[in-house]
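Down below is the structure, laid out as structure tokens.
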Amino acid sequence: MPLVSMKEMLEQGKAKGYAVGQFNINNLEYIQAILKAAEEEKSPVILGVSEGAGRYMGGFKVVVTMVKALMEEYKTTVPVAIHLDHGSSFEKCAQAIHAGFTSVMIDASHGPLEENIAVTSKVVELAHIHGVSVEAELGTVGGQEDDVIAEGVIYADPKECLKLVNETGIDCLAPALGSVHGPYKGEPNLGFAEMEEISKTIELPLVLHGGTGIPTKDIQRSISYGTAKINVNTENQIAQAEAVRKVLAEQPDQYDPRKYLGPGSEAIKQTVIGKMREFGSSNQA
């Protein structure tokens with residue numbers, strides 16, 4: 001099956017009351033694990049690529065080529081999108097689009113609203129020509145993810161969300177409502193009142209960043225308010241690292257990467273399967 005944009009899968013998720021997971025890929029093993037999980041669960045899936053991870057893997061074209069080759073080898077039948085996570089500029093989004101990404105996020109949330117609208121509109125114009133979906137963000141998601149560092153959390157304003165959606169033509173919106181990148185310090189405190197207001201104001205699918213560590217009841221409540229995409233990265237990284245450490249601790253003389261990275265890949269796969277079931281996307285492809 002060819003790569004697809006995430007527009008249709010998110011619209012279907014919103015309509016049917018489930019969310020599609022965006023699982024960030026950091027190397028070959030992540031792609032293998034996530035694609036296997038998606039096929040086993042018959043779930044649509046979004047492969048998120050941060051700018052830093054893209055550089056690490058050799059560039060956007062390398063990422064697309066790896067994903068396409070694995071999908072061909074694995075005979076993947078479920079919908080798969082490759083999505084630029086937190087694109088920092090129009091230029092980076094354009095590079096991803098021309099490399100074959102099927103979806104991009106332009107994160108201009110750090111600037112004034114009018115600047116966010118201007119940059120996002122430019123990205124949407126190019127992306128939609130190529131059949132690529134676009135995600136935008138308002139407010140500030142706390143924590144750090146690769147090149148993205150944010151001190152504190154700034155909640156998205158529902159009126160500004162409506163203005164951004166109406167003036168840009170984006171396909172989904174990530175309103176910052178209390179989630180953070182990386183592990184939580186204390187209990188997550190999501191702004192459900194704002195989320196409900198935003199969901200009643202705009203018809204687009206919503207996106208929840210920082211999905212690691214959010215209780216299932218909060219995930220389900222977010223989905224009920226129109227969240228159709230949930231991003232997960234840290235949880236997979238922790239699961240992989242723990243599995244690799246365990247092998248090397250038990251076998252200190254082990255040096256074959258297949259012997260310690262293999263269990264790490266399996267840990268990622270099992271984590272992704274659990275998330276797909278939690279988000280309700282299993283058996284939706």
Side-chain angles (χ1 to χ4, degrees), residues 1-16 18-50 53-54 56-85 96-105 127 130-135 171-172 205 207 211 228-233 235-237 239-240 258 261-285:
M1 183 172 183
L3 289 162
V4 298
S5 87
M6 63 182 190
K7 178 178 171 62
E8 186 175 324
M9 62 172 78
L10 296 191
E11 289 176 347
Q12 184 172 317
K14 184 176 187 294
K16 292 188 174 183
Y18 64 87
V20 180
Q22 173 195 299
F23 302 99
N24 282 51
I25 55 177
N26 299 284
N27 58 22
L28 178 69
E29 281 78 18
Y30 278 79
I31 305 170
Q32 292 172 317
I34 296 164
L35 287 179
K36 287 177 180 177
E39 192 66 28
E40 284 187 22
E41 288 299 299
K42 297 300 175 195
S43 169
V45 72
I46 300 159
L47 304 179
V49 183
S50 67
Y56 177 79
M57 289 185 277
F60 291 156
K61 288 182 180 178
V62 175
V63 175
V64 172
T65 301
M66 282 199 298
V67 171
K68 285 183 173 179
L70 281 171
M71 288 177 65
E72 184 177 341
E73 289 293 329
Y74 290 170
K75 297 179 171 55
T76 302
T77 62
V78 299
V80 179
I82 303 184
H83 176 74
L84 177 63
D85 193 22
I97 291 166
H98 292 309
F101 277 53
T102 57
S103 185
V104 295
M105 175 192 184
H130 294 274
V132 170
S133 53
V134 180
E135 173 186 340
D171 300 292
C172 59
V207 180
K229 174 176 179 275
I230 301 174
N231 295 8
V232 175
N233 185 28
E235 201 158 337
N236 284 332
Q237 291 178 327
Q240 181 199 37
R258 294 169 295 180
L261 290 179
S265 294
E266 181 63 23
I268 295 168
K269 177 184 160 187
Q270 294 305 321
T271 303
V272 171
I273 286 174
K275 288 295 176 184
M276 288 173 168
R277 292 175 182 177
E278 182 182 9
F279 299 165
S281 66
S282 296
N283 298 312
Q284 295 292 344

Looking at side-chain heavy atoms only, is the closest gap between [X] and [Y] below 4.5 Å?
X	Y	result
V67	L3	yes
V63	V49	yes
M57	Y30	no
Q22	H83	yes
M6	C172	yes
K229	L10	yes

Would you please test K275 and E278 for salt bridge (charged side-chain N to carboxylate O under 4.0 Å, His left out) and show each step? CA-CA 5 Å; K275 288 295 176 184; E278 182 182 9; 3.3 Å; yes
Mark yes or no for whether [X], through its side chain, and [Y], through its backbone, hold a donor-acceptor pair below 3.5 Å.
X	Y	result
S103	A81	no
S43	A38	no
N236	A239	no
S5	V132	no
D171	V134	yes

What's the shortest heavy-atom distance between [X] and [Y], and which atoms?
X	Y	value
R258	P263	O-CD, 4.2 Å
Y18	M9	OH-O, 4.4 Å
A96	L84	CB-CD2, 4.0 Å
L47	I25	CD2-CG2, 4.1 Å
A37	K269	CB-O, 3.8 Å
V20	P44	CG1-O, 3.6 Å

Please list, one pair per line, the donor and acceptor atoms closer than 3.5 Å that link side chains of residues 70-79 to other protein atoms, with sequence neighbours excluded.
unit_1, atom_1, unit_2, atom_2, d
T77, OG1, E39, OE1, 3.4
T77, OG1, E39, OE2, 2.5

Using the six-membered ring wherever Trp is involved, compare the ring planes of H98 and H130 and label them parallel, tilted or perpendicular (cut-offs 30° and 60°). perpendicular
Are [X] and [Y] close enough that a side-chain donor and a side-chain acceptor fall under 3.5 Å?
X	Y	result
N233	E235	no
S265	E29	no
E266	Q270	yes

Starting at [atom1] of [X], measure out to [atom2] of [Y] and round the result to the nearest 0.5 Å.
X	Y	atom1	atom2	answer
Q240	I268	CD	CD1	4.0 Å
I46	I34	CD1	CD1	11.5 Å
M66	I31	CE	CD1	4.0 Å
F23	M276	CZ	CE	4.5 Å
N26	Y56	CG	OH	8.5 Å
K7	S133	NZ	OG	8.5 Å

Is E40 salt-bridged to K36, going by a charged N under 4.0 Å from an acidic O? no
Within the 6.0 Å centroid threshold, strictly below: F60 and F101: yes
Pair V80-L35, side chain to side chain contact (heavy atoms under 4.5 Å, CB included): steps then yes or no: CA-CA 8 Å; V80 179; L35 287 179; 4.0 Å; yes
Could you check N231 against N24 for side chain to side chain donor-acceptor pair (under 3.5 Å), going step by step and ending with a plain yes or no? CA-CA 8 Å; N231 295 8; N24 282 51; 5.5 Å; no
